[in-house]
Amino acid sequence: MKILKFGGTSVGSVEALRNVKAIIEKEFNKNEPLIVVCSALSGITNALLSASEEALKQNDFSEILKSAEEKHYQIISELLPRTAQNPLLMMVKVSFNEIEDILFSVKNLGELSDRVKDRLLAYGEQMSGKIVSVFLQSENFPAVFQDSRELIATDSHFGNANVDSKNTNENLKNWKLENQIYVVTGFIANDKNSDTTTLGRGGSDYTAAILGSGLKADEIQIWTDVDGFLTADPRLVKNAFSQPELSYQEAMEMSYFGAKVIYPPTMIPAIESQIPIYIKNTFKPENSGTLIHQKSEISKGLIKGIVSIEKTCLINITGNGMIGMKGFSGRLFNALAKYDVNIILITQASSEHSISFVVFFDDEKKAEKAICEEFDFEISSNKIDEPQFDNELSILSVVGENMKKTRGISGKFFSALGKNGINIIAIAQGSSELNISAVIERNELSKALNVVHDSLLLSQVKTFNVMFAGTGNIGKELFRQLDREQKNLEENHQIKINVVGISNSREMKIFDNPEFVFDLNNLSINSQKANLEEFINLISSKNLPNLVFVDNTSSEDVVSHYPQFFENNISIVTCNKKGNSSAYTQYSKFKRLAKKNNVNFLYETNVGAGLPIIKTLNDLWISGDEILKIEAILSGTISYIFNNYVGDKTFAEVVRTAQELGYTEPDPRDDLNGMDFSRKMLILGREIGLPLEMSDVNIKDFLPEACLKADSIPSFYEELEKHESYFSSFKNEAENSGRKLRLIGILEDGKINIEVKIVDSNHPFFSLSGSDNIISFTTSRYKTTPLVVKGPGAGAEVTAAGVFADLVRVTAQ
Ligand code: ADP
Ligand code: ASP
Ligand code: MG
């Protein structure tokens with residue numbers, strides 16, 4: 001026999017109820033009874049509760065009741081044939097009249113007991129059960145309505161009654177079942193005096209398990225509005241995904257620590273009778289959902305979920321008088337129990353004079369009363385300090401049965417939090433080692449959930465929230481590439497990149513909801529005036545996980561904000577050389593800040609665009625290789641000019657063509673004077689630990705002084721023409737001996753020299769073509785044959801691709 005439970009949303013609309021019918025049709029085999037447990041229609045329990053609160057406050061509650069009543073009418077009239085509608089419409093009318101009567105008494109008396117509340121709430125389940133049973137009958141199923149109050153016995157703890165298993169099982173044993181469908185009310189039960197009780201919010205799941213256990217069912221199916229038990233609350237963690245299976249203990253721990261998808265006590269009767277529980281989606285019944293059962297051999301994965309309790313209060317009791325005070329904890333916990341305060345977790349310091357524990361936010365006042373009453377004497381005689389309450393906190397827990405066999409999970413958990421600047425206020429590990437919990441500030445919960453979920457391998461997809469600066473050639477090209485590759489990134493590399501903000505020197509835009517849309521035109525819609533300071537503050541205040549700033553500008557001003565990014569736990573990926581090639585103190589400060597804040601600072605494109613130069617050098621350096629010499633051609637512009645200065649055109653003409661093709665800076669002298677080259681060499685030197693400054697770079701000017709000093713670009717070209725014989729003498733010297741002109745940078749013995757050299761065909765730089773870069777590392781390991789990296793070292797496409805690769809490297813950490 002099977003028990004099927006349908007939650008509020010599963011019975012809360014015509015579409016859902018039609019799905020319910022299809023599911024029942026599949027599950028009912030006519031050879032045995034089928035039990036269908038129903039919750040109240042979605043929103044009805046809450047509506048009844050808030051109407052009762054309004055009544056107690058002497059407020060008008062009629063609007064709330066009216067819309068709840070309407071919801072029932074609307075479903076009945078859309079779902080059922082006319083002939084079947086009338087009795088149900090009558091039933092709803094009568095129910096709401098009775099509800100109204102009760103609420104008027106509440107309003108008149110100014111009193112609302114838990115007992116009255118339970119009686120009120122029961123109408124929700126009663127009405128839905130009746131609607132479902134009549135609906136099934138109208139579809140020709142042999143269905144009957146069954147009020148669970150005739151079956152489930154409890155004590156009189158209204159609002160959260162304890163099940164009297166003995167009497168309940170007795171009732172269930174005596175229940176004469178036929179091969180038909182029983183539509184049973186969830187959530188409600190009866191105490192000894194036949195007063196209505198409820199099993200706690202979300203208690204219809206529990207009803208299903210109680211019936212399952214008492215009737216020795218083969219399985220319990222919980223039908224809801226998500227694809228099973230997910231790795232996190234899908235409303236808070238977009239990347240949450242369904243777990244195919246969980247042990248009872250894992251499911252219990254996760255639901256106790258906040259996963260609303262199943263009510264925690266549900267697992268108890270299921271464990272006792274070893275009944276498997278399936279959680280399935282009414283709206284996508286074909287999906288396999290989650291199976292909860294006894295710990296299985298095949299239960300894979302270390303961590304099964306990240307859960308949270310949003311509103312909690314940490315209570316701290318301290319006092320020197322606590323030392324050696326016998327029975328202190330016993331008295332404390334008894335007092336709390338007397339006031340019905342649940343302790344979620346305890347974090348006792350090793351010193352005996354303090355104890356901290358966490359309770360639900362709603363229990364704070366009760367806890368305060370319990371403590372002050374119990375320890376009145378100790379507090380007034382200063383043995384114990386006034387207890388402290390911090391109610392702005394949340395609990396975040398990682399759950400998984402296999403964690404106990406594995407070391408290092410807590411380390412990963414806490415470092416993921418630390419890396420994102422999330423402050424941990426207290427920690428606790430359950431003695432079962434089934435969960436590790438951290439108490440954190442509530443406003444950081446959503447960020448914390450997402451980073452922990454992503455970094456503890458739970459996410460099949462890792463999300464990065466990226467802010468972009470610079471909308472020039474590289475910025476545009478990067479967006480084109482990201483747009484083209486987004487599907488591939490997500491499907492094959494499990495990486496998702498969200499755009500959280502875009503800025504250029506004029507305007508900026510911050511996206512309220514990070515978008516997976518790479519379109520720079522979005523910047524101009526409702527944009528603000530650019531202000532980097534504000535850009536950082538606004539984005540940081542959103543508390544997003546895994547933030548990265550991509551600097552595609554060449555602006556000094558943007559660089560001056562790098563420290564702020566690092567201090568806000570934002571990684572930086574940049575092709576802007578200005579940051580690393582200005583003063584050495586700045587370069588080392590950036591590195592230090594990135595390290596201190598546990599974020600990445602990646603700038604592969606500072607040298608040779610997308611070529612793997614810095615990474616290669618770092619790998620050699622870190623692995624202990626000794627760098628003896630670095631020789632390089634790192635100016636694509638000059639390579640182009642030399643490679644095209646072969647006789648048919650003057651030097652000036654070649655430079656002009658290079659400029660027209662966009663290979664040069666606006667003023668070609670910025671390339672020809674070796675400045676850009678020097679910056680790159682300087683960065684390489686610093687990467688191997690040399691504290692070099694620009695003044696340490698020795699550039700042997702290739703251009704005659706008159707060319708360098710010309711007062712405009714046209715006169716610069718005139719000077720170049722005038723000096724053609726100077727250039728051609730170089731060229732002829734090279735050509736006549738079968739050699740070539742190359743501008744080469746050399747880093748050796750801690751010194752950098754950049755000069756034009758004439759190389760012969762044995763030189764590895766001889767055959768360089770077009771605007772390519774080449775770099776050769778002579779090291780202790782690569783001594784006879786240096787390690788060479790060669791390829792296109794300039795241009796928007798390869799630079800953007802290098803930035804892209806760095807971005808993905810951040811994601812891979
Ligand atoms: P029902 O009305 O069907 O009983 P609930 O609203 O009680 O449904 O529970 C389902 C909801 O629980 C989901 O819609 C989801 O938003 C929420 N939820 C919170 N945490 C989780 C989780 N870890 N897995 C699945 N759902 C979760
Ligand atoms: N209707 C009840 C509630 O909303 C019980 C349930 O849905 O499980 O809490
Ligand atoms: Mg529920």
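First listed ligand is number 1; within each ligand, the first listed atom is number 1. These numbers come from a predicted model, not from an experiment. Computed from heavy atoms alone, side chains included, the values below leave out hydrogens, waters and symmetry copies.
- No salt bridge links E444 with K447; every basic N to acidic carboxylate O contact stays at or beyond 4.0 Å.
- Between D205 and K5 there is a salt bridge, since at least one side-chain N of the basic residue sits less than 4.0 Å from a carboxylate O of the acidic one.
- With a 4.0 Å heavy-atom cut-off, ligand 1 is reached by no atom of R201.
- Between E69 and K93 a salt bridge is recorded (basic side-chain N to carboxylate O distance below 4.0 Å).
- Scanning the protein heavy atoms around atom 24 (N) of ligand 1, the nearest turns out to be L230 N, 2.9 Å.
- Defined by atom type and a distance below 3.5 Å, a donor-acceptor pair is missing between the side-chain atoms of T198 and K117.
- In terms of protein heavy-atom proximity, atom 6 (C) of ligand 2 is closest to S204 OG, 3.3 Å.
- Considering only heavy atoms from C-beta on, N342 stays 4.5 Å or farther from V359 through its side chain.
- Defined by atom type and a distance below 3.5 Å, a donor-acceptor pair is present between the side-chain atoms of N239 and T463.
- The protein non-hydrogen atom at the shortest distance from atom 7 (O) of ligand 2 is S39 OG, 3.2 Å.
- The shell of residues lying under 4.0 angstrom from ligand 1, judged by heavy atoms, excludes S204.
- Near V226, meaning under 4.0 Å from one of its heavy atoms, ligand 1 places the atoms 13 (C), 14 (O), 25 (C), 26 (N).
- Side-chain N/O atoms of R115 and N193 include no donor and acceptor closer than 3.5 Å.
- The shortest N/O to N/O separation between E125 and ligand 2 falls below 3.5 Å.
- Below 4.0 Å from some heavy atom of K5 lie the following atoms of ligand 1, by number and element: 4 (O).
- Judged purely by distance below 3.5 Å, without hydrogens or angles, the side chains of E490 and Q494 never pair a donor atom with an acceptor atom.
- In terms of N/O distances under 3.5 Å, ligand 2 is not approached by G8.
- Every atom of ligand 1 with a heavy atom of R235 under 4.0 Å away is listed here by number and element: 16 (O), 17 (C), 19 (C).
- No heavy atom of G7 sits closer than 4.0 Å to any atom of ligand 2.
- Tested against E125 for a side-chain contact (heavy atoms from CB on, under 4.5 Å), the candidates S204, S148, C38 yield a single pass: S204.
- The protein atom (non-hydrogen) at minimum distance from atom 2 (O) of ligand 1 is G8 N, 3.1 Å.
- Residue T224 approaches ligand 1 through these ligand atoms, each under 4.0 Å from one of its heavy atoms: 1 (P), 3 (O), 8 (O), 10 (C).
- At a cut-off of 3.5 Å, with distance as the only test, no side-chain donor of T197 or D191 sits close to an acceptor on the other residue.
- No N or O atom of D205 sits closer than 3.5 Å to an N or O atom of ligand 2.
- Protein heavy atom at the shortest distance from atom 6 (O) of ligand 1 is K260 NZ, 2.9 Å.
- Neither the backbone nor the side chain of S10 has any atom closer than 4.0 Å to an atom of ligand 1 (non-hydrogen atoms only).
- Residue R201 approaches ligand 2 through these ligand atoms, each under 4.0 Å from one of its heavy atoms: 3 (C), 4 (O), 9 (O).
- Scanning all protein heavy atoms for the shortest distance to atom 12 (O) of ligand 1 gives V261 N, 3.6 Å.
- Residue-environment remark: CD (Q274) exceeds the threshold of 12 foreign heavy atoms within 6.0 Å.
- For ligand 1 and A232, the ligand atoms under 4.0 Å from any heavy atom of the residue are 22 (C), 23 (N).
- Side-chain contact between V261 and I222: absent, with no pair of heavy atoms (C-beta onward) separated by less than 4.5 Å.
- In this structure, the protein non-hydrogen atom closest to atom 14 (O) of ligand 1 is D225 OD1, 2.7 Å.
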